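Worth saying up front: this structure is predicted, and the values here are computed from it rather than measured.
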Amino acid sequence: MSTTDLSQFPAIAFIGGGNMASAIIGGLIRQGLPKDRIQVVEPYAPQRQALQQQFGISALPAADSSLAQAQVFVWAVKPQTFAEAAAAVADYSGHALHLSVAAGIRSDSIAQWLGNDQIVRAMPNTPALVGQGMTGLFARPQVSAAQQQLAEQIIRTTGQLLWVQQESQLDAVTALSGSGPAYVFYFLEAMQQAGVEMGLPADQALQLAIGTFSGASALAAQSPESPAVLRERVTSKGGTTFAALEHMRGADIAAHFVGAMHAAERRAKALGDEFGG
């Protein structure tokens, strides 16, 4: 994760103050962004109070003219509430860069609602909460190189990032990394269950499963070899790993897993159709 000094970063407003907004706000403050440059619009009073107590920032129940000082807006609202929220903010944000982390909502819709083409869409994931996020980004042509750098500085506070060249590719990012942590947790659950069934205490089974996932991911990240080659290196014919993988092949696990991600991609596209302008 980057340790860029953000003491000179422009004022930023968050529309929505849930988990992802909290992850980004925490990262920005840790990297030196003064608290008085952060505003949040969060209608839900308990969450608004929690943000104020945790970060010592200004949190508003609704958009007002004080937002006009912000040079960057981060949209962390639910897809179904985006259009309504944008209508309340549009009068104060025509000059600014807009960074959306709302799943599925396309930049054409956002531009129409805000009357502004300076839009970057981001698809983060929940490991951002611990600074280990993976985010895909797309910038509309009207976004300058300097504005892209601002977006990168914001997202790097939560982990890694990459840019995609076509906005439609964000649906694939959503399916792969946006929803991906849930797939990992699903497999962790299954590994823990198997460990318990084979006689291990539940806490030890989970510790072994988590350590295996994190270690294998670290090895894959550092190795020049492909995941397929790494898999082959730990699979001796007739051995224990071979037995497990043969069982998975017999159940067609890979095809089902790929199919599951295609289902996630289709749903991401549907969200844009359903809640877009």
Side-chain angles (χ1 to χ4, degrees), residues 1-5 23-24 27 30-31 101 120-139 145 148-149 151-192 194-195 205-265 268:
M1 189 170 60
S2 169
T3 55
T4 304
D5 178 16
I24 297 171
R30 283 192 300 274
Q31 295 194 22
V101 298
V120 172
R121 275 189 62 197
M123 186 61 237
N125 62 14
T126 55
L129 296 168
V130 293
Q132 296 292 319
M134 185 69 240
T135 299
L137 295 165
F138 167 80
Q148 287 191 45
Q149 187 176 19
E152 283 196 11
Q153 286 181 283
I154 294 169
I155 295 300
R156 285 196 192 281
T157 66
T158 68
Q160 301 180 63
L161 62 86
L162 59 81
W163 290 92
V164 297
Q165 298 305 306
Q166 299 176 29
E167 185 169 4
S168 61
Q169 292 174 314
L170 282 181
D171 292 330
V173 173
T174 300
L176 189 64
S177 60
S179 298
Y183 315 150
V184 175
F185 301 144
Y186 186 82
F187 277 99
L188 288 174
E189 288 180 82
M191 291 173 75
Q192 182 185 32
L206 182 58
Q207 181 181 350
L208 288 165
I210 292 172
T212 300
F213 258 93
S214 61
S217 295
L219 177 59
Q222 295 178 27
S223 175
E225 297 176 324
S226 69
V229 171
L230 292 173
R231 171 178 52 77
E232 290 166 1
R233 289 194 184 282
V234 295
T235 308
S236 301
K237 190 165 185 178
T240 58
T241 309
F242 181 82
L245 291 175
E246 282 298 292
H247 183 87
M248 291 185 196
R249 290 190 186 99
D252 217 5
I253 295 297
H256 287 302
F257 192 37
V258 171
M261 286 190 280
H262 280 290
E265 182 194 29

When you check the side-chain N and O atoms of Trp163 and Glu152, is any donor under 3.5 Å from an acceptor?
yes
Asp171 side, atom CG; Leu176 side, atom CG - distance, nearest 0.5 Å
12.5 Å
Output every pair passing ring-ring contact (aromatic ring centres under 6.0 Å, His included) with a member in residues 212-250, not counting sequence neighbours, ordered by first then second residue.
none
Checking the side chain of Ser177 only, and the main-chain atoms of Gly180 only, is there a donor and an acceptor separated by less than 3.5 Å?
no
Any non-hydrogen side-chain atom of Gln192 less than 4.5 Å from a side-chain atom of Leu208?
no
Which pair of non-hydrogen atoms, one from Ala122 and one from Ile155, has the smallest distance, and what is that distance?
CB-CD1, 4.3 Å
To check you understand the geometry: which heavy-atom pair defines the closest contact between Gly178 and Met123, and what is its length?
CA-CE, 3.9 Å
Heavy-atom distance under 4.5 Å between the side chains of Gln31 and Gln153, does that happen here?
no
Which pairs, with at least one residue in residues 120-129 and sequence neighbours excluded, count as a side-chain hydrogen bond (donor to acceptor under 3.5 Å, both in side chains)?
Arg121-Glu167
For the OG1 atom of Thr158 and the CD1 atom of Ile24, what is their distance to the nearest 0.5 Å?
6.0 Å
Distance-minimising heavy-atom pair for Ala205 and Gly195
CB-CA, 4.0 Å
Polar side-chain atom of Gln169 near backbone of Gln165 as donor-acceptor pair, under 3.5 Å
yes
Is any side-chain heavy atom of Leu137 closer than 4.5 Å to one of Val164?
no
Using a 4.5 Å cut-off on heavy atoms from C-beta on, say whether the side chain of Met134 contacts that of Leu162.
yes
Looking only at heavy atoms, what is the nearest atom pair of Val120 and Ala139, with distance?
CG2-CB, 4.0 Å
Nearest heavy-atom neighbours spanning Ala175 and Met261:
CB-O, 3.2 Å
Looking at residues at least two apart in the chain, or sitting in another chain, which of them share a ring-ring contact (aromatic ring centres under 6.0 Å, His included) with Phe257?
Tyr183, Phe187
Shortest non-hydrogen pair, Leu230 vs Ala220, comes out as CD1-CA, 3.8 Å
Between the side chain of Ser223 and the main-chain N/O of Leu219, is any donor-acceptor distance below 3.5 Å?
no
Is a side-chain N or O of Ser217 found less than 3.5 angstrom from the main chain of Ser214, in a donor-acceptor match?
no
Side-chain contact, heavy-atom cut-off 4.5 Å: Arg156 with Leu161?
yes
More than 12 heavy atoms from other groups under 6.0 Å of CD on Glu232
yes
